[in-house]
Amino acid sequence: MRVKIAASILSADFAKLAQEIKLAESAGVDLLHIDIMDAHFVPNMTIGPPVVKCIRKETRLPLEAHLMVDKPEWFIEEMAKVGVDILTIHIESTRRPLCLIRRIRELGIKPGISLNPPTKVDKIMRLLDNIDLVLVMTVNPGFGAQRFMLETLPKITAVRRSLFSKGLSSVDIAVDGGVNVDTAPLAVKAGATMLVAGSAIYGSDNVAKAVEDLRKSVEGVWWKP
Ligand code: DX5
Ligand code: ZN
């Protein structure tokens, strides 16, 4: 199985976003990961729908919006309008995840669910039949270039096992935070199928090589049931 690579634009130069996106696109990434932060759910702030709308015009790559916001319900319709392909909400940000997931699906987008490092994996297990992506946070969300928390690896395996037992092999498990050539193989071996990388890609002065190195680091690595 081919592991997908998502470039997180959080570490890109926002003043040159179109060029930065083209770099990732030519490097062969599979999708773009867009971090939406509201300064409430996380102690940082990024961009919202107007910028995503402009990004949509610059690339054909699938867009995944990672909503790190207190009120995900405020952004669902808008994110659909501006053309995201996958919309990921945090389990910690809502009391009615299934309702939001269904709304996302109704709007023709793929729903994803994310969980923070301290959140127990049981919280999302009942949602697995309804989603396309589990985004396992491998750092506390809010900032790029943090250290991958190895203690999150068993959660990836727990989700992968559950998906396997339910026959849900098309659901991706992404890891987000601290992904690099050293940590990517550990995540894939634990059951991840998608690598979200910000600083490992945009922190490099050779984006194409950074993506290639990441791909090579997981060649021949996979989760065994
Ligand atoms: C962190 C974000 C990540 C971030 C990862 O809250 O969700 O997507 O960009 O950055 P790196 O890859 O540098 O850890
Ligand atoms: Zn993210």
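Indexing begins at 1, ligand by ligand and atom by atom, following the structure's order. Starting from 1, each residue takes its place in the sequence as its number. Since we're looking at a predicted model, the values are computed, not measured.
Neighbouring protein atoms of the Zn ion (ligand 2) (N, O or S, distance under 2.8 Å, waters ignored): H33 NE2, D35 OD1, H66 ND1, D176 OD2.
Within the 4.5 Å cutoff, no side-chain heavy atoms of V171 are placed close to those of L128. With a 4.5 Å cut-off on side-chain heavy atoms, F14 and I47 count as touching. Counting only heavy atoms from C-beta outward, the side chains of V3 and L214 never approach each other to under 4.5 Å. Side-chain atoms of K110 and L133, non-hydrogen and from C-beta on, never get closer than 4.5 Å to each other.
Near G177, meaning under 4.0 Å from any of its heavy atoms, are these atoms of ligand 1: 14 (O). For ligand 1, the atoms closer than 4.0 angstrom to any heavy atom of S199 are 11 (P), 12 (O), 13 (O). Set against the non-hydrogen atoms of A197, the atoms of ligand 1 under 4.0 Å away are 12 (O). Each of the following atoms of ligand 1 lies closer than 4.0 Å to a heavy atom of M137: 7 (O). Counting the atoms of ligand 1 from 1 in the order shown, those under 4.0 Å from a heavy atom of M68 are 6 (O), 7 (O). Near H66, meaning under 4.0 Å from any of its heavy atoms, are these atoms of ligand 1: 7 (O). Below 4.0 Å from some heavy atom of P141 lie the following atoms of ligand 1, by number and element: 6 (O). Those atoms of ligand 1 with a heavy atom of H33 less than 4.0 angstrom away are 8 (O).
Annotation: atom 1 (C) of ligand 1 to nearest protein heavy atom, F143 O, 3.5 Å. In this structure, the protein non-hydrogen atom closest to atom 3 (C) of ligand 1 is D176 OD1, 2.9 Å. Protein heavy atom at the shortest distance from atom 10 (O) of ligand 1 is G144 CA, 3.5 Å.
Classification of the H90-H66 ring pair by plane angle, with boundaries at 30° and 60°, yields parallel.
Within a 6.0 Å sphere centred on NZ of K189, heavy atoms belonging to other residues, nucleotides or ligands number 12 at most. The environment of K16 atom NZ is sparse: at most 12 non-hydrogen atoms of other residues, nucleotides or ligands sit within 6.0 angstrom.
On a distance-only criterion, A145 and ligand 1 share at least one N/O pair closer than 3.5 Å. Some N or O of G142 is nearer than 3.5 Å to an N or O of ligand 1, by distance alone. In terms of N/O distances under 3.5 Å, ligand 1 is approached by G178.
Between the side chain of E58 and the backbone N or O of A18 there is no donor-acceptor pair closer than 3.5 Å.
The heavy atom nearest to atom 9 (O) of ligand 1, out of those in A12, S8, A7, G198, is found in S8.
Defined by atom type and a distance below 3.5 Å, a donor-acceptor pair is present between the side-chain atoms of E64 and T88. D176 and S8 share no donor-acceptor pair across their side chains, judged by distance under 3.5 Å alone.
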**Request:** Please test E212 against K216 for salt bridge (Lys or Arg N to Asp or Glu O under 4.0 Å), starting from the C-alpha separation and ending with a verdict.
**Result:** CA-CA 6 Å; E212 194 191 320; K216 277 194 191 144; 2.9 Å; yes

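The minimum heavy-atom distance linking L17 with A12 is given by the pair CD1-CB, 4.2 Å.
Through direct or relayed side-chain contacts under 4.5 Å between Ile, Leu, Val, Met, Phe, Trp and Tyr, M137 connects to L135, V139, V196.
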